[in-house]
Every structure is written in C-alpha cells, then in structure tokens.
Amino acid sequence: MGRFKLKCLKCGREYGQQYRLTCENDDSFLRAEYFEKKLELRNQPGIGRFHSWLPIQEELTTAAGPITYKSEALARELGLSNLYIGFSGYWPEKEAFIKTCSFKELEAYPTMQLLKENGEKAIVLASAGNTGRAFAHVSALTGTDVYIVVPDSGISALWLPEEPTASIHLISMSPGNDYTDAINLAGRVAKLPGMVPEGGARNVARRDGMGTVMLDAAVTIGKMPDHYFQAVGSGTGGISAWEAALRLRADGRFGQKLPKLQLAQNLPFIPMYSAWKEKRREIIPELDMKDAKKQVEETYATVLTNRAPPYGVTGGLYDALVDTDGIMYAVTREEALEAKALFESLEGIDILPPSAVAAASLLKAIETGKVGRDENILLNIAGGGYERLKEDFTLFLISPVATARNPDVPLEELNI
Ligand SMILES: *Cc1c(COP(=O)(O)O)cnc(C)c1O
Ligand SMILES: [Zn+2]
C-alpha cells in the first residue's frame, strides 16, 4: 500500500510512489502528496518520528534527527523572548546525534531508503563537503553504494566517525575546480548503467528530510514559528521549510500563517540575494555573480557557493520567498565570525561556517526591525557540534578512488 504520490507543480501530472526527479512534460519540481494529512508522530528516536511526511514505506530507526530548544543566553543578549534554535549536529547533552554534523544527514537517510525500496543500486552526488559526508556515513551504515564527487576544497571535509567502507566511492577534483564543476562531473557519472543521480533539490526525499527541522520546531513550539532563519547555497533547506509549513498549515493544528523565510548568503558570492533584491525570478550571471569563480574562492562558508541553485524553477526558492514574503541578507565574513563567537560563547556549542552566517543574519534582522522582540523565531543551525564530536569519536578521512582534472574528463580515465 502506498503512502504518497508525486505531483508536478506546473502541469499537475501525478506519478506513483517511485524514485523520480523530473516531470515528463516540463522542468518543474515534483512534490510528494502524503495520504496522511495530519502529522502523527511515530515512536522513533530520531527523524523517523516524522514518518507521516517522509516518502518511504519503512520507518527510519536511527537516533539522528533534528532537535529544537528554546534559547536562553543568546535570546537574553539579543532581547528576544521566543528564540528557538533548530540544531542539526552532534550535541549529546541535548540529544542531538547527527554525527556528520549537518542537516544533510536528514536527507541522506530517507533518500537511501527510498532508493532501496525502489530497487535502485547506486547513487551519485556532488558535494561541497557536508552532503558527501552525510551520504558516506549512511552508506557505511547500510552498505548501499555511493559515488561522491567533491571539489578539492571539500576533500578535508570528507571524514567519518567510523571506518570508511568499500561501498563509498569518493572522486576528488584537482584544484581550480569548484562545487559547480563537481555537480557537472557527477551528472555525467550518474548516466553510467546502474547509477541514479541524487538530484539535489529535485529529490523529494532530500527536501522532506530537511523539512523535518520545521516539523520538529512546530511540534516543540506548539505552532509554526513566525520567522525562519537559515543560510542558503542552493536554497533547498528554505524550500523544504516552506513545503513543511504548507503541510503544517493544511494539518490545521499549527497555525495558518506561514513562517517568513529570512535567508542569508555569504559575501562576496550572493546570486540569490542579488536577484531577490530586485524581485527577479531569473539569476543573471553577469549581474548576480560576476567573476563567480573568484567570488567563490573568497567566500568563507564554501558550502554556500552553488552557481546553479534551484531558484527560478517552478517550486523553487523564488516561489518560496514570494509565498512567505521572504527576506534575504548578504553577510560578510567578519559579521559571520563575530556571530559565531557570540553564539558559541552563549549557547555552549560550536557551529559550522554557514550557521555562523545564519546567526549573523538574525543580528541584522534585529537591527533593522525585521523581527519583533516577542515573535517566535526559529534559527536553523543547520550544522554544528564538530568540535564536540571530536571529544567522543575518532574521525577517519575517506580516501579518493580517483581524481578528475576537470568536469569533462573521459570517464574511462577515472576507472570507477
Ligand atoms: C548545505 C548547508 C546549508 C545550505 O543549505 P541549502 O541547501 O542551501 O538550503 C547551510 N548550512 C549547512 C550547515 C549546510 O550543510
Ligand atoms: Zn509537469
């Protein structure tokens, strides 16, 4: 018996329960429509609690999941009375057990499960670091093959809290190639027989896995937050939060007002900020990311440097920003570092660079009156606890099985 169907957001065409990334008629996103219209929490320790709205048959039993708590110290410092932190990472004192330290793990579990339930063999993805780590970890736990393409800048981020397994096939790229080059190479590898692309934002398991951050917050607060803060590179987390909010609104028990998306990019690489400032659906490279490669190299939070984000596509970030009357911020490296120090000293846990960018955008929002002091604010700390993890675990670096010179390298040369 199925639990959901897929529906195209443009032409309305429906598809059954399957691993599918695109509509046959157009390039719009598909969205999962769940037969359970009310969120019914399952008795699972982690993300499996939110099985109602995950596109898989079997419940996930992992302890890894999003957690939400009400901030005291940072909230007091900022003069906020209802600041909630959504934390995706490792912080056992708060029952946060994401050992690859980012919310990418929330997409990896349901994606790998959906793959398995549909009889697919191996999955291919590109990663600036965090996604690759998440999928490698789930591959080590389940034995499912993953092919991960990372730019040179991401290779040091490919560690695991356990011994790497032969099911993990890591392909690195020579210096000079960035995340978008990795995406292009991964696209070619995914066309090999027996492989499927992970699909990025097109993958409903990815979006609905990440959307559990919003679900956890709504369940913890008792209603949807008024504002949602996150740093974005592809914007998938923002889209996911919006879609989760649409489901919560339809459920009826969590309020009717959609959270306002307040999303940040890291200067100098800010294509979505730049396009949204002019309320444009299209990103125009000459205007919004001139000298993109150079900008990417200068960006502190490298995870946020996607040159082809799902912004203008039907169901993408532009639609999410329009529907929630969203705001975008451009944050400097210095602002991010300052916010990082403030957050870590007051909340007592280390956070990853993109989450420092998110925290900095909250400070900007307060300064410019974009949030009310008593409103419910959800700050999505999408990555953290790396320093905390190192106290408890030995980390293992994953060795590449091949290195690609450029995204167009003949695949035979890689010998994968
Ligand atoms: C991937 C990532 C982001 C950006 O996510 P989007 O896909 O752009 O929503 C932000 N923070 C962390 C920690 C991440 O790993
Ligand atoms: Zn369609």
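Both counts, for ligands and for their atoms, begin at 1 and track the order of listing.
Geometrically, Arg281 does not engage Tyr318 in a cation-pi contact defined by less than 6.0 Å to the ring centre and at most 45° from the axis.
With hydrogens and angles left out, the side-chain atoms of Thr68 and Asp216 include a donor and acceptor closer than 3.5 Å. Checked by atom type, the side-chain pair His169/Asp145 shows a donor-acceptor distance below 3.5 Å.
In terms of N/O distances under 3.5 Å, ligand 1 is approached by Gly233. Polar contact with ligand 1: present for Lys104 (N/O pair, distance under 3.5 Å). By the 3.5 Å distance cut-off applied to N or O atoms, Gln230 is counted among the residues near ligand 1.
Close approach of ligand 1 to Ser102 is summarised as follows: ligand atoms under 4.0 Å from at least one heavy atom of the residue are 15 (O). Close contacts between ligand 1 and Ala382 involve ligand atoms 11 (N), 12 (C), 13 (C) [criterion: under 4.0 Å to a heavy atom]. Close contacts between ligand 1 and Gly237 involve ligand atoms 6 (P), 7 (O), 9 (O) [criterion: under 4.0 Å to a heavy atom].
Comparing Pro354, Cys101, Ala356 by heavy-atom distance to atom 11 (N) of ligand 1, the nearest is Pro354.
Asp288 and Arg280 are joined by a salt bridge, as a carboxylate oxygen and a charged side-chain nitrogen come within less than 4.0 angstrom of each other. A salt bridge is absent between Lys10 and Asp26: the closest approach of a Lys/Arg side-chain nitrogen to an acidic carboxylate oxygen does not fall below 4.0 angstrom.
Nearest N/O/S atom of Asp26 with respect to the Zn ion (ligand 2) is recorded as OD2.
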